[in-house]
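Protein chains get the first letters and strands the later ones, always in sequence-line order, with residue 1 at the start of each. Only this structure's heavy atoms are used, side chains among them; waters, hydrogens and symmetry mates stay out.
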Amino acid sequence: DGGITQSPKYLFRKEGQNVTLSCEQNLNHDAMYWYRQDPGQGLRLIYYSQIVNDFQKGDIAEGYSVSREKKESFPLTVTSAQKNPTAFYLCASSISPGTSGRAEFFGPGTRLTVL
Amino acid sequence: AQSVTQPDIHITVSEGASLELRCNYSYGATPYLFWYVQSPGQGLQLLLKYFSGDTLVQGIKGFEAEFKRSQSSFNLRKPSVHWSDAAEYFCAVAPFTNAGKSTFGDGTTLTVKP
């Protein structure tokens, strides 16, 4: 079945450490997205990528980095520069932006806790 | 810039009662509009979407939404709520022409009383 996988489901990190969250999709979607979700704040866009080897900052990119070397993969690194990284992270993908019918398909999420 | 407002943070309804969740958006032209549902600790699932045409759209799980351009609204409705509908619901807007990103509302949490 096609879908999006995120791993791990739960992740614990010590302060000052970088950590990488995995996101893989087999939907053949061009676009991929990373969101951060905090209680009562909805979803905030961290980074998005419309095509391989290209990505753009979202609304809260500071302290995060991404890469898009393959169409199916869009890993997110939470760096030590991110001041408050404890949150629920959601990865999503969609068909080519600008085409009709675009909607985002979401992975199950990774809950990151900084100890 | 586009924005989405979901005025109700939390709604409680009795099982079998009707439901309406409100969504207002701000955008300069007709946008793409979406409703998603999220169960605790899970990702979001698309319920329905509006792009053009008929302003009343049908979705999965018996939900529907009506686009009202004059009110900049896209309210979600269900005639009879089931206990399994308890979840958080998000409205989202995306530009019609821009190859870019969606903006999500802050969500409405639905509680269903037996």
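Between the CG atom of B:Leu48 and the CZ atom of B:Phe74 there is a distance of 5.0 Å, given to the nearest 0.5 Å.
In this structure, chain B has no heavy atom under 4.5 Å from any part of A:Gln56. Using a 4.5 Å cut-off between heavy atoms, A:Leu90 touches chain B through its side chain atoms alone. Only the side chain of B:Gln38 comes within contact range of chain A, judged by heavy atoms closer than 4.5 Å. Proximity to chain A is limited to the side chain of B:Leu46, based on heavy atoms less than 4.5 angstrom apart. Residue contact with chain B, scored on non-hydrogen atoms closer than 4.5 Å, involves the side chain of A:Tyr35 exclusively.
Of the charged side-chain nitrogens involved, none lies within less than 4.0 Å of a carboxylate oxygen, so that B:Glu64 and B:Lys78 do not count as a salt-bridged pair. Checked for salt-bridge contact, A:Asp30 and A:Lys71 meet the test: a charged N lies under 4.0 Å from a carboxylate O.
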(request) Check step by step if side chain to side chain contact (heavy atoms under 4.5 Å, CB included) holds for A:Val66 and A:Thr77. (result) CA-CA 6 Å; A:Val66 293; A:Thr77 296; over 6 Å; no
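Residue pairs meeting the salt bridge (charged side-chain N to carboxylate O under 4.0 Å, His left out) criterion with at least one partner in residues 22-42 of chain B, sequence neighbours excluded, are B:Asp8-B:Arg22.
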